[in-house]
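Below: one structure, written as structure tokens.
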Amino acid sequence: MTNLECPSRPRFQADVEECARSGFDFSLLKDSTILITGATGLVGGALTRALLAANRLRGLNARVLAPVRDVLRARDALAGVYGRDDLSVFPMDVTRPMHIDEPVDYIVHGAGVTTSRLFVTHPVETIETALMGARCALQLAAEKQVRGMVYLSSMEAFGVTDPALPSVTETQIGYIDPQSLRSSYSESKRMAECLCAAYAGEYGVPVRAARLAQTFGAGVSPKETRVFMQFARAALEGRNLVLHTKGESYGNYVYTADCVKALLLLLTRGENGGVYTVANPDACVPIKELARLCSETLSGGRARVVFDIPESALTYGYAPDVKMRLNADKMKALGWQPSIPLDEMLRRLAADIRSFSETN
């Protein structure tokens with residue numbers, strides 16, 4: 001039996017090992033217990049595997065706790081590492097008080113609703129999961145007196161910012177319409193960030209919020225339905241890339257491995273209660289440009305970009321058009337530097353898609 005973290009997905013394995021061999025000072029996490037909610041998701045799963053790879057490659061001797069909603073789903077999502085002695089997967093509803101009968105040194109809270117359509121069809125559940133989940137994770141952090149905690153927020157917490165700004169820093173947040181069902185996600189993310197600041201101020205919890213750009217790359221679930229995956233699949237299959245909007249909204253992106261490196265830094269560095277933008281400023285393009293790049297990079301232009309705009313984009317749960325370029329200087333000041341450009345993100349994603357297509 002192989003001891004690799006993702007043996008059937010060589011591109012993802014290479015990324016995981018790249019994180020484990022990075023310049024991060026892993027001695028800060030040595031012999032620690034790290035609880036990760038959302039470990040079955042893209043970012044949480046990649047971080048989990050990177051830490052386990054550091055155990056194997058660097059003698060980190062860390063233990064990862066992964067409370068999950070569905071253990072059967074976790075078997076598939078964490079294939080390759082499920083069952084390892086250094087990973088404990090167990091059922092838990094993270095929106096209820098978390099009872100962990102052992103010390104916890106670090107927490108990464110990434111569990112939440114992430115499907116755009118559900119923001120509109122289940123806005124109450126979206127809000128409750130975000131706020132109750134954050135509160136329970138923060139309460140656990142306070143009880144265990146953790147050494148560090150990271151809350152995974154979203155670039156959507158920025159809202160609609162001033163399009164005249166050349167780039168947007170953490171404090172330049174914009175407007176969110178509280179009457180829009182689609183705001184269930186962005187408004188609750190913003191409130192959860194406030195809750196982090198409150199726990200830092202009132203209880204001394206060393207928590208930092210990571211305001212993530214759209215994160216993708218090797219490691220995505222084969223069932224992923226977000227636009228980058230739809231574009232990549234279509235391009236690889238030679239099908240047209242269909243846009244249901246004009247594609248004028250700007251997307252801010254960051255590669256999965258670059259994101260993991262940022263989270264490792266934030267576990268041990270940064271201002272308590274602070275917010276840090278995790279984005280690659282060089283990977284900011286309109287959606288239609290992402291489609292064009294997918295077509296050219298992955299299909300050699302065989303797959304055309306076409307527009308099929310419904311009468312109501314709200315039906316699909318799409319965010320309103322945003323012309324926003326994220327500024328990552330605050331994160332870079334901690335020593336982080338994104339290294340994977342957008343075209344290489346797409347190539348690595350494509351290589352990963354091919355590998356899991358060949359094995360299934």
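Salt bridge annotation for Glu156-Arg182: present, with a cationic side-chain nitrogen under 4.0 angstrom from a carboxylate oxygen. Salt-bridge check for Glu237 with Arg233: failed, with every basic side-chain N at 4.0 Å or more from each acidic carboxylate O. Salt bridge annotation for Arg348-Asp352: absent, with no cationic side-chain nitrogen under 4.0 angstrom from a carboxylate oxygen.
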Which donor-acceptor pairs under 3.5 Å do side chains of residues 59-73 form with protein atoms, sequence neighbours excluded?
{"from": "Asn61", "atom 1": "ND2", "to": "Asp31", "atom 2": "OD1", "distance (Å)": "2.7"}
{"from": "Arg63", "atom 1": "NH1", "to": "Glu102", "atom 2": "OE1", "distance (Å)": "2.5"}
{"from": "Arg63", "atom 1": "NH1", "to": "Glu102", "atom 2": "OE2", "distance (Å)": "2.9"}
{"from": "Asp70", "atom 1": "OD1", "to": "Leu72", "atom 2": "N", "distance (Å)": "3.0"}
{"from": "Asp70", "atom 1": "OD1", "to": "Arg73", "atom 2": "N", "distance (Å)": "3.2"}
{"from": "Arg73", "atom 1": "NH1", "to": "Thr40", "atom 2": "OG1", "distance (Å)": "3.2"}

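Between the Glu344 side chain and the Pro341 main chain, no donor and acceptor come within less than 3.5 Å of each other. Judged purely by atom type and a 3.5 angstrom limit, Tyr276 has no side-chain atom pairing as donor or acceptor with the backbone of Leu263. Remark: the backbone N or O of Leu342 is not paired with any side-chain donor or acceptor of Asn280 at under 3.5 angstrom.
The salt bridge (Lys or Arg N to Asp or Glu O under 4.0 Å) check on Asp25 picks up nothing, with sequence neighbours excluded. Applying the ring-ring contact (aromatic ring centres under 6.0 Å, His included) rule to Tyr250 yields no partners; only residues at least two apart in sequence or on another chain are considered.
Annotation: side chain of Glu187 is in contact with side chain of Arg190 (closest heavy-atom distance under 4.5 Å). Proximity of Asp15 to Thr256: side-chain heavy atoms (C-beta onward) are nowhere separated by under 4.5 Å.
Put simply, CD1 on Ile176 and CE on Met191 are 12.0 Å apart, with the number rounded to the nearest 0.5 Å.
Side-chain contacts under 4.5 Å among hydrophobic residues (ILVMFWY), followed directly or transitively, place Val306 together with Val242. Grouping Ile, Leu, Val, Met, Phe, Trp and Tyr residues whose side-chain heavy atoms lie under 4.5 Å apart, directly or via other members, places Val16 in a hydrophobic cluster with Phe12.
Within the structure, side-chain hydrogen bond (donor to acceptor under 3.5 Å, both in side chains) pairs that include any residue of residues 201-211 comprise Glu193-Arg211, Arg208-Asn272 (at least two apart or interchain).
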